[in-house]
Amino acid sequence: MKTALSTVAAKALPALSGTSVTYNAEKNVYLTLGYTSAAGNTYFKAVRLSDRLAVHYDIGEGYCHTFLNGITLFAWDGSKAVIIGKRSWGGSNWHRFSEQFAKEQSIDMLKNYLEGQAKALGQHVNDQQLRLFSRTMIEDVQNYQKRIA
């Protein structure tokens with residue numbers, strides 16, 4: 001049975017739609033099928049969604065560890081997702097994957113985006129308020145599917 005969130009993911013993120021996407025309830029994340037490189041590393045994408053944001057991780061699994069190649073942060077603009085932040089660590093600049101590191105990077109990207117938006121609107125928002133709000137929003141993304149399941 002398809003949930004409303006599955007339908008949103010299929011329509012808003014079409015590159016991740018169809019039978020190549022599965023939901024991992026233990027990690028609370030949508031996963032794409034991986035592909036294996038000539039070096040033996042397996043690469044896949046993981047996506048977490050909320051009603052306001054989507055966080056897209058580029059992940060690899062090597063012989064000894066899982067690594068993070070990048071994070072893209074999306075916001076919903078009507079019926080489509082718009083990139084509001086992006087960081088990458090691919091190639092020789094990879095970073096060992098940890099939930100905490102990925103979360104902190106996502107919080108920082110969202111804070112930077114909101115700070116830029118506040119400046120564009122001529123508003124001053126306290127740095128601590130921006131960070132706290134960003135943390136709350138990213139934690140909401142991490143817990144969203146569990147709340148609606």
Test item: [X] side-chain N/O and [Y] main-chain N/O as donor-acceptor pair under 3.5 Å:
X	Y	value
T32	K45	yes
S37	N41	yes
D77	K80	no

Starting at [atom1] of [X], measure out to [atom2] of [Y] and round the result to the nearest 0.5 Å.
X	Y	atom1	atom2	result
W89	N69	CH2	CG	9.5 Å
I138	S50	CD1	OG	8.0 Å
E99	Q142	CD	CD	6.0 Å
S134	E115	OG	CD	9.5 Å
T42	L33	OG1	CG	11.5 Å
Q123	L114	CD	CG	13.0 Å

Pairing of E61 and R96 as salt bridge, 4.0 angstrom limit: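 Salt bridge flag = no for R96 with E61.
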Report yes if the side chains of [X] and [Y] come closer than 4.5 Å at any heavy-atom pair, otherwise no.
X	Y	value
D51	D140	yes
F74	H56	yes
L110	L73	yes

Closest contact, heavy atoms only, A81 versus W76: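 The pair with the smallest heavy-atom distance is CB-CZ3, 3.6 Å.
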Over all atoms of both residues, closest heavy-atom pair of I71 and Y57: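 It is CG1-CD2, 3.9 Å.
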Check: Y35 ring centroid to Y43 ring centroid under 6.0 Å: yes
Pair H95 and F101, ring centroids less than 6.0 Å apart: yes
Residue list, salt bridge (Lys or Arg N to Asp or Glu O under 4.0 Å) with D127, at least two apart or on another chain: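 Listed in chain order: K111.
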For residues 102-109, which side-chain donor-acceptor pairs fall under 3.5 Å, sequence neighbours excluded?
{"residue": "K103", "atom": "NZ", "partner": "E139", "partner atom": "OE2", "Å": "2.8"}
{"residue": "E104", "atom": "OE1", "partner": "R135", "partner atom": "NH2", "Å": "3.1"}
{"residue": "E104", "atom": "OE2", "partner": "Q100", "partner atom": "NE2", "Å": "2.8"}
{"residue": "E104", "atom": "OE2", "partner": "R135", "partner atom": "NH1", "Å": "2.9"}
{"residue": "E104", "atom": "OE2", "partner": "R135", "partner atom": "NH2", "Å": "3.3"}
{"residue": "Q105", "atom": "OE1", "partner": "R87", "partner atom": "NH1", "Å": "2.6"}
{"residue": "S106", "atom": "OG", "partner": "A102", "partner atom": "O", "Å": "2.9"}
{"residue": "D108", "atom": "OD1", "partner": "R131", "partner atom": "NH2", "Å": "3.4"}
{"residue": "D108", "atom": "OD2", "partner": "R87", "partner atom": "NH1", "Å": "3.2"}
{"residue": "D108", "atom": "OD2", "partner": "R87", "partner atom": "NH2", "Å": "2.6"}

Matching residue for Y113 among L130, I83, I84 - test: side chain to side chain contact (heavy atoms under 4.5 Å, CB included): I84
